Amino acid sequence: MPTVIIVGSGLVGAATALAFHQVGIKCTLYDQVNPVEAVMDGRAIEFGASGGCVSIQAGGLRVLKTLGLLDECIEKGQPHPYLSFSKINGSSQIVADARTSNKKAGETDPKLQTPLQILRSTLHNILMRACHRVGIKTLINKKLLDIKQNSDSVTVTFVDGTEATADLLIGADGIHSATRRKVFGDNLVAKFTGEMGHIGVVNIKEHNITIKEADKASFYVDRDNKRFLAIFQASEDTAAVRVSTFDDPEVEDQSYRPVSDLPKEAGRLADLLHEWGVPDYIEKMMRNSFRISAASIYDLPDLETYRKNRVILIGDAAHGMVPNAGIGLLTGLEDVGTLLAIMLERGTAAANQARNLRVKGMAASPIFGGSLNHFIFRGVAALNNAGLFTLYTLFDCEAEVAKLIQEQESK
Ligand SMILES: Cc1cc2nc3c(=O)[nH]c(=O)nc-3n(C[C@H](O)[C@H](O)[C@H](O)COP(=O)(O)OP(=O)(O)OC[C@H]3O[C@@H](n4cnc5c(N)ncnc54)[C@H](O)[C@@H]3O)c2cc1C
Ligand SMILES: *[C@@H]1O[C@H](CO)[C@@H](O)[C@H](O)[C@H]1NC(C)=O
Ligand SMILES: *[C@@H]1O[C@H](CO)[C@@H](O)[C@H](O)[C@H]1NC(C)=O
């Protein structure tokens, strides 16, 4: 039986583990989070709640369906048919129906035509529980130090001095991936864009806030003053408000961190939104947030390949991108879907299926619905990031996985 090490048990790492499990390949997840951040609940591990909301488009939903988790995600998240774009004060709203573009892009399953928003922490929880249910092990306090590989195996060393050896290593360790730096080149580091994001999460029910259907995924822009704001309803009860600013200093090497002084920070950001002249309920959302995360926004240079021998990069480690487009996770889930399709069928049919999956997902990107140039620019950058490179690499991976399985079977 081939064995796989997955470094990073974020959304994409956990989904990858489930995909491997589905095709009968044994894998173990390793993550740097320490036991203080992670809550130990018997044998199951719950990671601390942080971050805001993630959006999942048709291609990503298809992957969740394959993993058997779609219904639970829909139940705990918020399907939203529309995306809207306005000026910062809510005027001149443009509303796009995401279902139409997904249908046009070839998605035939009605359940998958409506994009889904869900709290990142909720989705992570669903994935980690699913891993636990099927017996996938997650080892925490394992910060990657080094990787060595030869023709037979790959060995990873962790900062705590322990090591692990397997047939294949998947680097799912996010935008600051140590796997990428160790194996693909020290120079391949994410660059700070100068942008800082603050995401507040609020219980809208408790605060009597209702969000109109068209505003459940809404973007507000003042290009002249470089102001950007987005609202995402994440469930029946919760919503996230994301504010971008461009004058904060970089917080070294941390994509998302909870802010410590919550009421004060919520007040400061709400006052800022007031000054911007945003609709009242948005200011109220920020003021009443029960958690706020701050993120220095990074972008990653394109890589020529996502695979080096026995090491494959996946998710943000491979194609981390500025998150405005909201398709980072989609792309990561599609990596998982592509891997899975290939592992399941190992033929041209699978390759074509995988190709369609990706083309569909990318074509359905909401970004092309708006008339906002800088979004489109970033969407195009993302397309480029996520395009053929991944596919070619994954085709190599197909051969690699097939070869591994064959080797093992003949033993
Ligand atoms: C705490 C957090 C909050 C986020 N919140 C949002 C949000 O609100 N909205 C949004 O759109 N996106 C958010 N993101 C980003 C989003 O989750 C990713 O873009 C997307 O899901 C891709 O996921 P990934 O699994 O590739 O990477 P990530 O989700 O970044 O996961 C990477 C994992 O690798 C682990 N890791 C990193 N370095 C090492 C190392 N050296 N050794 C071992 N393990 C390592 C990390 O602890 C982490 O668990 C957040 C990410 C994080 C980590
Ligand atoms: C919103 O801002 C625009 C300018 O960007 C202005 O023309 C419009 O009157 C404003 N609307 C309201 C309701 O304040
Ligand atoms: C929300 O509305 C209910 C009923 O109208 C009211 O009792 C409650 O005090 C309100 N809560 C807040 C936080 O405004």
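The figures here come from the full heavy-atom set of this structure, side chains too, leaving out hydrogens, waters and symmetry mates. Values in this document were obtained by computation on a predicted structure and should not be read as measured data. Each ligand, and each atom within it, is numbered from 1 in the order the structure gives.
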- prompt: After noting the C-alpha distance and the side-chain angles of Leu69 and Leu18, does the key distance pass the side-chain contact (heavy atoms from CB on, under 4.5 Å) rule?
  reply: CA-CA 10 Å; Leu69 300 174; Leu18 290 167; 3.9 Å; yes
message: Apply salt bridge (Lys or Arg N to Asp or Glu O under 4.0 Å) to residues Asp173 and Arg180 and explain how you reach the verdict.
response: CA-CA 9 Å; Asp173 45 354; Arg180 185 180 61 233; over 6 Å; no
- prompt: Which is it for Ser153 and Thr165 under the side chain to side chain donor-acceptor pair (under 3.5 Å) test, yes or no, and what are the steps along the way?
  reply: CA-CA 7 Å; Ser153 66; Thr165 298; 5.5 Å; no
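Residue contact check: Lys142 has heavy atoms under 4.0 Å from atoms 42 (N), 43 (C) of ligand 1. Under a 4.0 Å criterion applied to the non-hydrogen atoms of Gly51, ligand 1 contributes the atoms 3 (C), 5 (N), 8 (O). When each atom of ligand 1 is checked for a heavy atom of Ala178 under 4.0 Å away, the hits are 41 (N). Atoms of ligand 1 lying under 4.0 Å from at least one heavy atom of Gly315, given by number and element, are 26 (O). In the vicinity of Gly8, heavy-atom distances shorter than 4.0 Å reach the ligand 1 atoms 33 (C), 34 (O), 35 (C). Residue contact check: Leu144 has heavy atoms under 4.0 Å from atoms 40 (C), 41 (N), 42 (N), 43 (C) of ligand 1. Of all atoms in ligand 1, numbered sequentially from 1 with element shown, those under 4.0 Å from a heavy atom of Ser50 are 1 (C). Of all atoms in ligand 2, listed by their number and element, those nearer than 4.0 Å to a heavy atom of Lys87 are 5 (O).
Listed here is the closest heavy atom pair of Tyr82 and Arg99: OH-NH2, 3.3 Å. Taking all atoms of both residues into account, the shortest heavy-atom contact from Lys182 to Leu145 is CE-O, 2.9 Å. Nearest heavy-atom pair, Val259 versus Ala294, reported as atom, atom and distance to 0.1 Å: CG1-CB, 4.0 Å. Closest approach of Ile199 and Ala240 over heavy atoms only: CG2-CB, 4.1 Å.
Ser296 and Tyr298 form no side-chain donor-acceptor contact under 3.5 Å, judged by distance and modelled atom types alone. Donor-acceptor pairing under 3.5 Å is lacking for the side chains of Arg120 and Ser293. Remark: the Thr162 side chain and the Asp160 side chain contain an N/O donor-acceptor pair separated by less than 3.5 Å.
Considering backbone and side-chain N/O atoms, Tyr30 never comes within less than 3.5 Å of an N/O atom of ligand 1. Distances between N or O atoms of Arg120 and those of ligand 1 include at least one value under 3.5 Å. Between Ser9 and ligand 1, a contact under 3.5 Å exists for no N or O pair. Of the N or O atoms in Cys53, one or more lie within a sub-3.5 Å distance of an N or O in ligand 1. In terms of polar-atom proximity, defined here as any N/O pair under 3.5 Å, Val12 does make such a contact with ligand 1.
The part of Ala172 lying near ligand 1 is the backbone, judged by heavy-atom distances below 4.0 Å. Residue-level proximity to ligand 1 for His176 is absent, since no heavy atom of it falls below 4.0 angstrom. Of all the heavy atoms of Ile199, the ones lying under 4.0 Å from any atom of ligand 1 belong exclusively to the side chain.
Considering Leu123, Val159, Asp31, Val201 only, the shortest heavy-atom separation from atom 47 (O) of ligand 1 involves Asp31. The option from Ile175, Ile314, Asp173 that lies nearest to atom 34 (O) of ligand 1, judged by heavy atoms, is Asp173.
Residues Leu61 and Leu70 meet the side-chain proximity criterion, which asks for heavy atoms closer than 4.5 Å. By the 4.5 Å heavy-atom criterion applied to side chains, Asp222 and Lys87 are not counted as neighbours.
Counting only heavy atoms of the protein, atom 14 (O) of ligand 2 lies nearest to Asn89 ND2, 3.3 Å.
Within a 4.0 Å radius of atom 9 (O) of ligand 2, the protein contributes no heavy atom. Distance screen at 4.0 Å: atom 5 (O) of ligand 2 has a protein heavy-atom neighbour inside the cut-off.
In this structure, Arg242 pairs ionically with Glu195, as a charged nitrogen and a carboxylate oxygen lie closer than 4.0 Å.
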